[in-house]
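Below, read A as the first sequence line, B as the second, and so on, with proteins coming before strands; counting in each chain starts at 1.
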Protein chains: 2
Amino acid sequence: MDIKQTYSISELAKEFDVTTRSIRFYEDQELLRPTRRGQTRIFSSKDRVRLKLILRGKRMGFSLAETKELFDLWDETLSGNEKQLLKMLTILENKRAQLEQQKNDIAQAEMEMDTAEARCREALAELQKKKKQQAPAKEEARQTAEN
Amino acid sequence: MDIKQTYSISELAKEFDVTTRSIRFYEDQELLRPTRRGQTRIFSSKDRVRLKLILRGKRMGFSLAETKELFDLWDETLSGNEKQLLKMLTILENKRAQLEQQKNDIAQAEMEMDTAEARCREALAELQKKKKQQAPAKEEARQTAEN
DNA sequence: GATAAAGTTTACGTAAACGTAAAGTAGTTT
DNA sequence: AAACTACTTTACGTTTACGTAAACTTTATC
């Protein structure tokens, strides 16, 4: 259970560090469905969760359209017709495959960053050696200054 | 060592399943630097590697501009000036943090998919029970038909 | 030597995801 | 009541990452 039941647009904007413009845009695209008090939008904690999901989706490289598709599908799924349930299961399988791909990509990237970092450090070590050869007399002064 | 040293634009397009338009666009944005034989582009295996990195970057949600930045920085780094080396090391740290974030996001997503799948299966089981109650006489026929 | 196949440049078009004014409303603080 | 603050709608502008069409050149094939 969340602490609050409802949120203003600026509360959500501040909490998740997005502009109100973005939030309104998400509503426009039907990813959020706030109610109204007069003109003013009132966001439920369900909306809040969805916003969180939207942003995570973005970090993972999902488009708003993809995220909306998932939301819609999940809503249909809740209505509990068998066909929808089965469809949802296969979609979930697809998404899992996507996540596997991403995990591979990340692992690859990490490996390459390891070797990149190693090369950097080697190159730095090389430079240090050259420095020493150029000015071996100042060795003591530099050592103490560095600490 | 790669099998081939050079590649045509359509070879790369086919191998990585992108359009030639995209590849030319990447050249235009200076992410690839093919040489020419007359007018025709000739891609080196270095270009091929870069194309692979570009596409992986995209899957990971990186913009072309970000990827280009990394390419440029790495090129500068190879020239081996100390400042560049240190800068590269801090950039690598930042990227690692990004990857950590992504791994968290993925883990979260996987958990939520687990519970989503569980709910689907429960709902399906419910539907099966109701079916049985509605038509218990046809039980045998259905069982064999399903296999 | 015609013709198709693959490549090229130039340039306008488009979808996504907002940014950014402009101008108005609703509540509330002084 | 004037001013401030937060919110609203409308609507045009912008960036990214290409798609798509037109018109042309080069290379391979019949």
Side-chain angles (χ1 to χ4, degrees), chain A residues 4-44 47-48 50-73 98 101-102 105, chain B residues 4-44 47-48 50-72 98 102 105:
Chain A
K4 267 183 103 180
Q5 318 297 5
T6 69
Y7 308 84
S8 77
I9 192 169
S10 49
E11 278 175 332
L12 289 184
K14 195 177 278 184
E15 177 175 1
F16 293 107
D17 194 33
V18 293
T19 64
T20 58
R21 176 66 178 93
S22 297
I23 295 180
R24 292 196 191 99
F25 183 74
Y26 300 151
E27 181 193 8
D28 203 54
Q29 303 299 303
E30 303 185 307
L31 285 121
L32 301 176
R33 299 185 185 283
T35 59
R36 301 286 178 126
R37 196 183 59 205
Q39 281 205 125
T40 306
R41 290 167 178 81
I42 300 180
F43 294 88
S44 67
D47 287 316
R48 184 173 164 279
R50 291 208 156 185
L51 181 52
K52 196 187 292 188
L53 291 175
I54 292 168
L55 299 177
R56 187 162 75 211
K58 292 198 65 178
R59 286 196 303 271
M60 297 172 64
F62 292 176
S63 72
L64 294 185
E66 282 175 295
T67 301
K68 175 178 160 50
E69 248 193 87
L70 281 178
F71 285 175
D72 291 350
L73 244 121
Q98 253 187 72
Q101 166 74 306
Q102 292 209 19
D105 287 339
Chain B
K4 266 183 105 180
Q5 317 298 8
T6 68
Y7 308 84
S8 77
I9 192 169
S10 49
E11 279 175 331
L12 288 183
K14 196 178 278 188
E15 177 175 0
F16 293 108
D17 194 33
V18 294
T19 64
T20 57
R21 176 68 179 92
S22 297
I23 295 179
R24 291 197 190 97
F25 183 75
Y26 299 151
E27 181 193 8
D28 204 55
Q29 302 300 303
E30 303 185 307
L31 285 121
L32 300 176
R33 299 187 186 281
T35 59
R36 302 285 178 126
R37 194 183 60 203
Q39 279 205 127
T40 305
R41 290 167 178 81
I42 299 180
F43 295 88
S44 67
D47 287 315
R48 183 172 165 280
R50 291 208 157 185
L51 180 52
K52 196 188 293 190
L53 291 175
I54 292 168
L55 299 177
R56 187 162 75 210
K58 292 198 64 178
R59 286 197 303 271
M60 296 172 64
F62 291 176
S63 72
L64 295 184
E66 282 175 297
T67 301
K68 175 177 160 49
E69 247 193 88
L70 281 178
F71 286 175
D72 291 351
Q98 255 187 69
Q102 292 209 17
D105 287 337

Going by heavy atoms in the side chains, are B/Arg41 and B/Arg36 under 4.5 Å from each other?
yes
From NZ of A/Lys68 across to C1' of C/dA16 the rounded distance in Å is 15 Å
Contact string for nucleotides 15-20 of chain D, one letter per nucleotide 5' to 3', B = base within protein heavy-atom range under 4.0 Å, S = sugar-phosphate only, - = neither, reads --BBBB
Euclidean distance, atom CZ of residue B/Arg36 to atom P of D/dT27 [Å, nearest integer]:
14 Å
Would you say B/Asp47's side chain and B/Ser44's backbone share a donor-acceptor pair under 3.5 angstrom?
yes
Whole angstrom value for the distance that separates C1' of C/dA16 from CD of A/Glu30
16 Å
Provide, to the nearest angstrom, the distance between the CD1 atom belonging to A/Ile23 and the P atom belonging to D/dA6.
15 Å
Please state whether the phosphate of C/dG7, meaning OP1 or OP2, lies under 4.0 angstrom from any side-chain nitrogen or oxygen of B/Arg41.
no
Atom-to-atom span, CD1 of B/Ile42 to P of C/dA6 - whole angstrom:
18 Å
Would one find a side-chain N or O of B/Ser8 under 4.0 angstrom from OP1 or OP2 of C/dG7?
yes
Can you measure B/Arg37 atom CZ to D/dT25 atom C1' for me and round it to whole angstrom units?
14 Å
From the options C/dA6, D/dT8, D/dC7, select the nucleotide whose nearest atom is closest to the side chain of A/Gln39.
D/dT8
Kindly say if A/Ser10 contacts the phosphate of D/dC7, meaning a side-chain N or O under 4.0 Å from OP1 or OP2.
yes
